[in-house]
Amino acid sequence: MSKNNVQKIIIVDFGSQVTQLIARQIRELGVYCELINYKLFNKNQPIGSNVKGIVLSGGPKSTLHKSAPSINKKLISSDIPVLGICYGHQLISNLFGGKTKYSKKKEFGSAELIEKKKSKLTSGFFKNKKNIVWMSHSDSVKSKPKNFNVVASSSNSKFAILEHNSKNIYSTQFHPEVFHTRNGKIIFSNFLFNICKVKKEWTDKYKIQRIIKSIRLSVKKNEKILCALSGGVDSSVLAHLLLKAVKKNLVCVYVDTGLMRLGETEEINKIFSKKFKKIFYKIDAKKIFLKKLKNIHDPEKKRKIIGNTFIKIFENFTKRKKNIKFLAQGTLYPDLIESKSFSGSPTSIIKSHHNVGGLPKKMKLKLIEPFNEMFKDEVRKIGKSLKVNKFLINRHPFPGPGLAIRIPGKINHTKIKILKEADKIFIDELKRKKIYDYIWQAFAVLIPIKTVGVMGDSRTYDYICALRAVTSQDGMTANYYNFKNKDLSEISNKIVNQVNGINRVVYDITSKPPGTIEWE
Ligand code: XMP
């Protein structure tokens, strides 16, 4: 989708694990931004007139290394305001004549910042000339460039915030984008609105209008869009949006993979056959998926098989219905980041999300993915504006590969049945205890290892069920949910007593990173 006319901020990515949090901060402030790898930034010139500011991200390399990522100084010497963060801070300093020194010692975690000089960037950021910020670096700027002033220092970083004395170039050694920097958003707000003077155009209404306009431009009168509907938040909101955009040129297809949660197919069928009457289709593909996944234990293989099978089913469907030229998916920005190097950055692939890395190389249908630069909470907000059923919007996320990636190793009918029952009890209990809405995502995992237990007077030898419940903002990072012991033990008792095949329950207390939310 072309976003050429929107005013935007470019985030030049040097590979930091938290670069996407910069994008979140900026988007949350109502401004459109794009992440671009530093190599592409160097190549893709000239910079468009709608670029109102440039942010240089952090990165894992040392600016002192021979092959350290860098950018052409000219690109940040024009009138476009620049904000460098961590690696970006050191890079700006080096490019303008300062000196960064290598250090084996890392400054990692909270640090106290002391204000040295008033600046447009830090207006309202300090309280009594102090603030707590989050640092993550080993090298430091040891002598500042000539034309730069010191705005703030910490005990380890004399030059913690620098600003050019005549140009709009600012840089911070700490990370204002992370939650642990107090009032980090003020830095972004000041940069965007006081320095870049960018317009607040990235509103829900605007996003909806743009998506509708762009879809109408791409789809001809006689062409149809197939919307892959799973009944999750993203595909449900997408279906509503497409209905608004192309009305009768839409068909929504729900595939029952047999890997959905207990009762889910019936729930989705009920909701969508009402609202989407003659354009909603349900395909029973339980047998196909089970057959294709037989004896497959590798998570990446599972995802690829599932992605491919979905596409084959959709392509077969197009033989039944004429003129389907497009496949619309609710792919999100984090799906892209984790599945491939979206900005061409050095960040490695975490897992192939079924709708991205799991797709076949050659496809007959053209893809429409209007949410592929958005986070889930942005999609939820669009759903609210479109008055999508609350049940659909507020559901916990559920991955396309479904329960197949919640049973490590080989799957079979029995394991799926056991997991469905355990998961249903877990989720129902969260709702009954009124804690479901405080949790970003919760589910049960079937650990395919049997352990010994005792029930009544008999020995049992059954599977282990792991419970996963996390809090998160966008699924990119997550913390485990801190249950009351009483709640956990009640849930565990219910599962062990009611599900045949499980005799032990454990709770996963790993955060992301280093874990991921799903187990595969
Ligand atoms: P991870 O496990 O990567 O998950 O921490 C982050 C979020 O993404 C969801 N997820 C997927 N969603 N297709 C999807 O539609 C996939 O292949 C997929 N893999 C993970 C996961 O449930 C969590 O919300």
Side-chain angles (χ1 to χ4, degrees), residues 17 20-21 24 227-239 254-255 257 259-261 264 268 289 293 296 298-311 327-340 342 347-360 367 369 371-372 374-380 392-408 411 419 423 426-427 436 439-445 466-481 508 510-520:
Q17 289 298 325
Q20 66 280 359
L21 296 182
R24 272 198 67 87
C227 174
L229 187 73
S230 69
V233 180
D234 319 316
S235 66
S236 300
V237 174
L238 177 63
Y254 171 81
V255 179
T257 57
L259 301 163
M260 310 300 281
R261 292 162 284 193
E264 185 155 29
I268 301 304
F289 276 91
L293 290 168
I296 305 293
D298 176 71
E300 278 298 289
K301 271 196 187 145
K302 280 186 188 174
R303 286 168 178 277
K304 296 233 157 89
I305 290 174
I306 292 170
N308 275 277
T309 309
F310 266 115
I311 297 300
L327 172 68
Q329 303 195 122
T331 310
L332 297 182
Y333 187 45
D335 299 345
L336 289 183
I337 296 175
E338 296 200 336
S339 296
K340 58 183 176 188
F342 177 55
T347 328
S348 60
I349 293 172
I350 313 268
K351 49 180 84 167
S352 302
H353 283 233
H354 80 291
N355 45 345
V356 186
L359 294 183
L367 277 182
E369 295 179 316
F371 302 149
N372 69 5
M374 290 188 201
F375 294 95
K376 196 173 258 341
D377 50 350
E378 291 186 86
V379 173
R380 281 201 167 109
L392 294 172
I393 297 185
N394 298 326
R395 301 179 86 193
H396 287 177
F398 185 66
L403 303 183
I405 55 167
R406 292 179 180 174
I407 303 171
I411 63 164
L419 180 57
D423 189 74
F426 184 28
I427 300 301
Y436 181 85
I439 295 172
W440 153 272
Q441 190 172 11
F443 53 89
V445 174
L467 301 179
R468 183 84 164 127
V470 296
T471 54
S472 176
Q473 259 198 316
D474 48 32
M476 295 298 301
T477 56
N479 274 324
Y480 72 90
Y481 180 74
D508 179 356
T510 324
S511 57
K512 175 184 178 177
T516 54
I517 296 176
E518 303 290 346
W519 276 38
E520 285 202 325

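The figures here come from the full heavy-atom set of this structure, side chains too, leaving out hydrogens, waters and symmetry mates. Indexing begins at 1, ligand by ligand and atom by atom, following the structure's order. Since the model is a prediction, treat every value here as computed from it, not as a measurement.
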A.B. asks: Less than 4.5 Å apart, side chain to side chain, heavy atoms only: is that true for L293 and T309?
C.D. replies: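 SC-SC contact between L293 and T309 ruled out.
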
A.B. asks: Should you measure from each heavy atom of R303, which atoms of ligand 1 turn up under 4.0 Å away?
C.D. replies: 16 (C), 17 (O), 18 (C), 19 (N)

A.B. asks: Output the list of atoms in ligand 1 that are nearer than 4.0 Å to some heavy atom of T516, sorted by atom number.
C.D. replies: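 Heavy-atom distances to T516 below 4.0 Å select 1 (P), 2 (O), 5 (O).
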
A.B. asks: Taking NZ, NE, NH1 and NH2 as the nitrogens, is one of them in D423 or R261 under 4.0 Å from a carboxylate oxygen of the other?
C.D. replies: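 No, D423 and R261 are not salt-bridged.
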
A.B. asks: Show the atoms of ligand 1 that are less than 4.0 angstrom away from any heavy atom in G400.
C.D. replies: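 Result: 13 (N), 14 (C), 15 (O).
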
A.B. asks: Can you tell me which portion of P397 lies within the under-4.0 Å heavy-atom range of ligand 1? Options are side chain, backbone, both, or neither.
C.D. replies: side chain

A.B. asks: Indicate yes or no: does an N/O atom of I405 lie under 3.5 Å from an N/O atom of ligand 1?
C.D. replies: no

A.B. asks: Please round to the nearest 0.5 Å and tell me the distance separating atom CG of D377 and atom CH2 of W440.
C.D. replies: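 Output value for this atom pair is 7.0 Å.
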
A.B. asks: What residues form a ring pair (Phe, Tyr, Trp, His ring centres under 6.0 Å) with Y436, not counting sequence neighbours?
C.D. replies: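 By the ring pair (Phe, Tyr, Trp, His ring centres under 6.0 Å) rule, Y436 matches H396.
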
A.B. asks: Give the atom numbers and elements of ligand 1 that come within less than 4.0 Å of a heavy atom of P401.
C.D. replies: 13 (N), 16 (C), 17 (O)

A.B. asks: Could you list the atoms of ligand 1 found under 4.0 angstrom from a heavy atom of K512?
C.D. replies: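 With K512 as reference, the close atoms of ligand 1 come out as 1 (P), 3 (O), 5 (O), 6 (C).
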
A.B. asks: Got a sec, which residues hit ring pair (Phe, Tyr, Trp, His ring centres under 6.0 Å) with F443, two or more places apart in sequence or on another chain?
C.D. replies: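 For F443 there are no ring pair (Phe, Tyr, Trp, His ring centres under 6.0 Å) partners, ignoring immediate neighbours.
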
A.B. asks: Is a salt bridge present between E264 and R395, judged by a nitrogen-to-oxygen distance below 4.0 Å?
C.D. replies: yes

A.B. asks: Using a heavy-atom cut-off of under 4.0 Å, does the side chain or the backbone of M476 touch ligand 1, or both, or neither?
C.D. replies: neither

A.B. asks: State the CD1-OG1 distance between I306 and T257, to the nearest 0.5 angstrom.
C.D. replies: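 The CD1 atom of I306 sits 7.5 Å away from the OG1 atom of T257.
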
A.B. asks: Where the closest heavy atom to atom 8 (O) of ligand 1 is concerned, which of H353, K302, Q329, E518 has it?
C.D. replies: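 Minimum heavy-atom distance to atom 8 (O) of ligand 1 goes to H353.
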
